[in-house]
Structures are given as C-alpha cells and as structure tokens.
Protein chains: 2
Amino acid sequence: MSHSYEHPRPALAVDCVVFGLDENGLQVLLVERGVAPFKGRTALPGGFVRLDETLEEAARRELEEETGLGAKVFLEQLYTFGDLHRDPRERVVSVAYYALVKLSDHRVRAATDASAAAWFRLGDKPQLPFDHEQILRVAKARLQAKVRYQPLGFELLPPRFTLAQLQSLYEAVLEKPVDKRNFRKKILSMELLEETGEREEGVSHRAARLYRFDRKRYVALEKAGVNFEL
Amino acid sequence: MSHSYEHPRPALAVDCVVFGLDENGLQVLLVERGVAPFKGRTALPGGFVRLDETLEEAARRELEEETGLGAKVFLEQLYTFGDLHRDPRERVVSVAYYALVKLSDHRVRAATDASAAAWFRLGDKPQLPFDHEQILRVAKARLQAKVRYQPLGFELLPPRFTLAQLQSLYEAVLEKPVDKRNFRKKILSMELLEETGEREEGVSHRAARLYRFDRKRYVALEKAGVNFEL
DNA sequence: CTCGGATAGTGTGAAAAGTACACTAACCAT
DNA sequence: ATGGTTAGTGTACTTTTCACACTATCCGAG
C-alpha cells in the first residue's frame, strides 16, 4: 500500500530515553535494533508515529513493544531533533521523550525479554547510532536540571523508600555528594513525604523508616505556586 | 508533482511565537493567514518544513517570509504539538519555536508589511485558530520561567538601554513589580552589563546611564557554571 | 550476652542572600 | 528660581544556606 502527498514529507519518529536507578547509579534502557539501518546495533527504543496516535501515545506504544514497559511510566517530551542527515537513509525527524522508571520493577523483564532490551550504566554503554548520543546528552542535562526544582526523583524509586535511598538518588543524578542532615531537613520541610510507620527489613543494622511520596499534596502545593528547589 | 511513501506520514510544520516589548508591555507578533484552513484569520506565523532544511531553518524562513524578521533573532525550540485534530483537515504535527526581538527595530516593518503582520498585546488579541492559544500559553510560561535564570531579557531591548528599561522589562514579563534598589544591586553584581559611558538623551529629567549587555562575558561565566537567577 | 560493625537519626552557629524601605541628585521646562 | 520627574544610592532585618560530629539502634559473631 502506498500513500501520496502533493509535497514531500519527512518521516516522523519518536525516540525514548528511559532512565532507571539501582545501586550502581543511573542507568539507561537500550534495545538491539531489529531493522535497518543499524540493524543489530544497540540504540534508543523508538519508531515511527502512526496517523491515529498522538506523539506521546506513539512513545508509549514503542516502549511497550520494545521494552515491555507499561503505560503508567513517567514520560515527558524532551526535544525534537531534525538535522538533515541524522538518519542516513532518508529525512527523519524525531520527537524525543524521556522516561523515569523504578528499575526494581523492570529489571527482570528487560533482562529476559525477547526484544533484547537491557540496562546500561551511562558510563559503560556502546556507542549509539543516529544522533542518539546527542539525544542522550540532552536527556541527561534535562534530568539534572529538572530534578532540582521538581520532585521527579520519586519516579525512580519503589513506592516506599528510605531517606538514604532518596539521597543517593539525588547524588547519582546530580553526580555530587549531598550533606545528609541538610538534605533531610530540606526534603522533609517540603512536606511531600509521608511516613508509612513501617521500617526497613532484613538489614543487619538499625532499620530506617520507610516513606511514601504524597502525590496529592504535591499537586496541591504546586498549584499554590510553592517552590521545590533542592 | 506527487510524492509516495509506503506508510502514511503526518505533515510536519513549524509555528513561531514572536515576543516583543514596548511601553505597553509584552506583545506578540501575529499574521493574517493567506491560505486555508482559517484563511483570513489571525494566527501564529508558521508553515510546512521542507526536506532540505532543518527545523530551525524552517522556522527562520517562515519568519522572514511572513513577518520580514531577519535571520539573527533569538530563536529557540519550545515544544512539539501533535494532537490528532489540531488541524481540522489532516494530521499535522507542529514544532513550535519562540523568538525574542527588539520591538523598536521591527515596529515599522511589521506595520507596513504586505504580509499583514502586526503586534498584539497579550491581553488584547483575537482568538487564535488551531491550537495556537495553547502554544502561546506554553510559550509565555516558558519565557517567564526562563527569564529568571537566563539573561534572555536583553534580546528584547535595544543594544543600549537604561537600568529602568531593563527593570520594566522584567516587570512586564514576570507581571509583578520589582524593587528598584535590589534589582540594580542584583543585576550589576552579575557583571554582565557594561557601562557605555553615554547617557539618555532628550528626556526632561535627569538622564540615565546607558548600559550594554556583555555577551562574551556571559558566555564565559555560563561555561564556568555561574548562576544567573534573578 | 556483649561487643563490634554498620547505618539511622538529630542540632547549632556562622555566612550569605534576600527583602523592605526613603532620601538626595540631576536635568528640563515653565 | 522653582516644580516636576526620574536617576541613583545604603542599611538593618530576616531568611536561607552551609559546614560539621555525635548518639541510637539493630544484627551477627564470638
């Protein structure tokens, strides 16, 4: 089947930068390409936009198809890349999205999935084709900038977490150490965290309290114009 | 002439939100549409992306064609809008850009240009077609957010300006008053302004000093990681 | 059962930044 | 010379940021 238009059109794609976090720091989810160009190479998950779906729907569909990630992950538009030769074959404009997922939920799936998705540490990944290196750089910069004034971090953690986990998240993303006492004061003063009353289990030292992110309160405070700068 | 592709493709357009400033506050540059849909309606300048130009080139070309704005204006990508029915005729995805121009330079051109471009105050403009109201809202929010931590304001002023002009610019963009002494202290402490040694002329009161934005110094300081939060 | 190892959890003082605020200086026009 | 108009300047108070070290709790090993 063929489709004709009066004027030539670039192809329109979406690409996704999926960030996850574990003990080793910030990771990114990459897939092995199943089609040309760059078939067999490791690249960002993505694909062409269909006519009956929005850009975000296209991004979520591709994520589901290529990595098994569900529809609820945090996903935000990043930037649109339109250099003439970013795809060697033909003109392709790509709307990039970035996603944040709780790596713990998706470690197994990605590891066993037939679609050959895998997590890579940022400093330890293969060279990416197209302009995916650039997209990844922009995504990392955006994440670092945004995490300072929006509580994005919670998207990367399990539903209940300790303050130490939250702190090392910030340290991993920002790539610099944070003072424990000042961090706790600051983050608790925002009143976005709710104590669950529970504690860590199975650790061979004093068990830390488990907190939960209070999303409703966040929405309310944000509407009221409160600042969440770290 | 007709162009065929194996899979259907959305059309790809760019739209531009051009901000300018005068005594009446923040203004936006709009054009009268010469083609359907919405022929004759006032809308954001924009048009379709060609295969041999990048997205930014397309935005600058459309600006030149429809408003006479030159190639040097400050222009930055805003967001990409891809709702299914944002264009009533067919699927069109639009990459929006926003521009900042010195209104003084372009007041005459826009007023006399055959292409029927005109400046409108934000609170006093016709209803815009497509999703251009949404695009404008996003652009305004971005400008307000960005002006706080990047010295964008200078793009809206003539090359030499007084501190009072700069202050009213911030007041116009942020839509709230700023303390004169604190503003001057803060902005001068950034060391981005250079005294020209000249003064205002033709005013019937004490003449203010004229300053110039030191772009080189800005680039240097920015690289060094300095913060320019207002 | 106690002792060592590991992480949780807590407060204070000093420095820097932000904020509110009012008068004199300079210039022009009448 | 006087009045009108905007330029230009400093200080005291409050708030925020930053650096920094010890006790509490739990587990496991001996």
Side-chain angles (χ1 to χ4, degrees), chain A residues 21-24 147-149 151 157-158 160-172 174-212 221 224-230, chain B residues 22-25 147-149 151 157-158 160-172 174-212 221 224-230:
Chain A
L21 189 82
D22 73 1
E23 317 75 43
N24 301 313
V147 82
R148 285 166 196 274
Y149 61 91
L157 289 178
R160 297 143 194 238
F161 48 85
T162 68
L163 290 183
Q165 283 178 293
L166 186 59
Q167 181 180 342
S168 27
L169 179 158
Y170 276 90
E171 289 176 331
L174 299 177
E175 295 174 330
K176 56 184 167 193
V178 171
D179 179 84
K180 180 160 74 155
R181 280 178 288 192
N182 294 337
F183 177 79
R184 287 170 171 248
K185 247 181 296 176
K186 189 82 197 234
I187 209 87
L188 289 174
S189 75
M190 291 182 189
E191 304 194 300
L192 293 175
L193 297 189
E194 198 182 2
E195 274 194 54
T196 62
E198 294 163 277
R199 309 211 155 219
E200 254 181 324
E201 282 174 25
V203 289
S204 78
H205 54 74
R206 179 174 178 179
R209 297 178 198 186
L210 289 170
Y211 290 83
R212 152 179 44 231
L221 289 175
V226 178
N227 247 41
F228 298 105
E229 224 176 296
L230 186 79
Chain B
D22 73 1
E23 317 74 44
N24 300 313
V147 83
R148 286 166 196 275
Y149 61 92
L157 289 178
R160 297 143 192 236
F161 49 84
T162 68
L163 291 182
Q165 282 178 293
L166 187 59
Q167 181 181 341
S168 26
L169 179 158
Y170 276 90
E171 289 177 331
L174 300 176
E175 294 174 329
K176 56 183 166 191
V178 171
D179 179 83
K180 181 162 71 155
R181 280 179 288 194
N182 295 337
F183 176 79
R184 290 162 98 98
K185 245 180 299 176
K186 187 80 197 233
I187 208 87
L188 288 173
S189 75
M190 291 180 187
E191 305 194 299
L192 293 175
L193 297 189
E194 197 182 3
E195 274 195 54
T196 63
E198 292 163 278
R199 308 209 156 221
E200 254 181 324
E201 282 174 25
V203 290
S204 78
H205 53 75
R206 177 172 179 180
R209 296 179 199 187
L210 290 171
Y211 291 82
R212 148 178 48 230
L221 289 175
V226 178
N227 247 41
F228 298 105
E229 224 176 299
L230 185 79

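Residue numbers start from 1 in every chain, and the chains themselves are labelled A, B, ... in the order their sequence lines are given, proteins ahead of strands.
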Please test Tyr211(A) against Leu188(A) for side chain to side chain contact (heavy atoms under 4.5 Å, CB included), starting from the C-alpha separation and ending with a verdict. CA-CA 10 Å; Tyr211(A) 290 83; Leu188(A) 289 174; 4.0 Å; yes
Residues of residues 176-183 of chain B with any non-hydrogen atom less than 4.0 angstrom from an atom of DNA chain C: list those, numerically ordered, please. Asp179(B), Arg181(B), Asn182(B)
Quick one: are Val226(B) and Met190(B) in side-chain contact, heavy atoms under 4.5 Å? no
What's Lys185(A) touching, base or sugar-phosphate or nothing? Going by heavy atoms closer than 4.0 Å. base
Starting from C1' on dC26(D), measure out to NE2 on His205(A) and report it in whole angstrom. 9 Å
Rounded to the nearest Å, what distance is computed from the CD atom of residue Glu229(B) to the P atom of nucleotide dA16(C)? 19 Å
Report the C-alpha distance between Leu192(A) and Phe228(A) in whole Å, list the side-chain angles of each, state the deciding distance to 0.1 Å, and finish with yes or no for side chain to side chain contact (heavy atoms under 4.5 Å, CB included). CA-CA 10 Å; Leu192(A) 293 175; Phe228(A) 298 105; 3.6 Å; yes
Is any side-chain heavy atom of Val147(B) closer than 4.5 Å to a side-chain heavy atom of Tyr170(B)? yes
Do the side-chain N or O atoms of Arg209(A) get closer than 4.0 angstrom to the phosphate oxygens (OP1, OP2) of dG9(C)? yes
Once you round it to whole Å, what is the distance between P of dA7(D) and CG of Leu166(B)? 13 Å
Base, sugar-phosphate, or nothing for Arg184(A), non-hydrogen atoms under 4.0 angstrom? base
Derivation of the side chain to side chain contact (heavy atoms under 4.5 Å, CB included) call for Glu229(A) and Glu229(B): CA-CA 13 Å; Glu229(A) 224 176 296; Glu229(B) 224 176 299; 3.9 Å; yes
Distance in angstrom units between Leu188(B) CG and dG10(D) C1', rounded: 14 Å
Could you check how far CD of Gln167(B) sits from C1' of dG8(D), rounded to whole Å? 12 Å
Does the Thr162(B) side chain pair with the main chain of Gln165(B), one donor and one acceptor, at a distance under 3.5 Å? yes
Return no unless some side-chain N or O of Arg206(B) is found under 4.0 Å from OP1 or OP2 of dG8(D). no
Ignoring hydrogens and angles, tell me if any N or O in the side chain of Glu194(B) forms a donor-acceptor pair with the backbone of Arg212(B) under 3.5 Å. no
Quick one: does any side-chain atom of Arg160(A) pair with a main-chain N or O of Leu210(A) as donor and acceptor, under 3.5 Å? no
note: Phe161(B), atom CZ; dA7(D), atom P; distance rounded to Å ~ 14 Å
Can any side-chain N or O of Glu195(A) pair as donor or acceptor with the backbone N or O of Arg209(A) at less than 3.5 Å? no
Near DNA chain C, under 4.0 Å by heavy atom, which residues of residues 191-201 of chain B? none
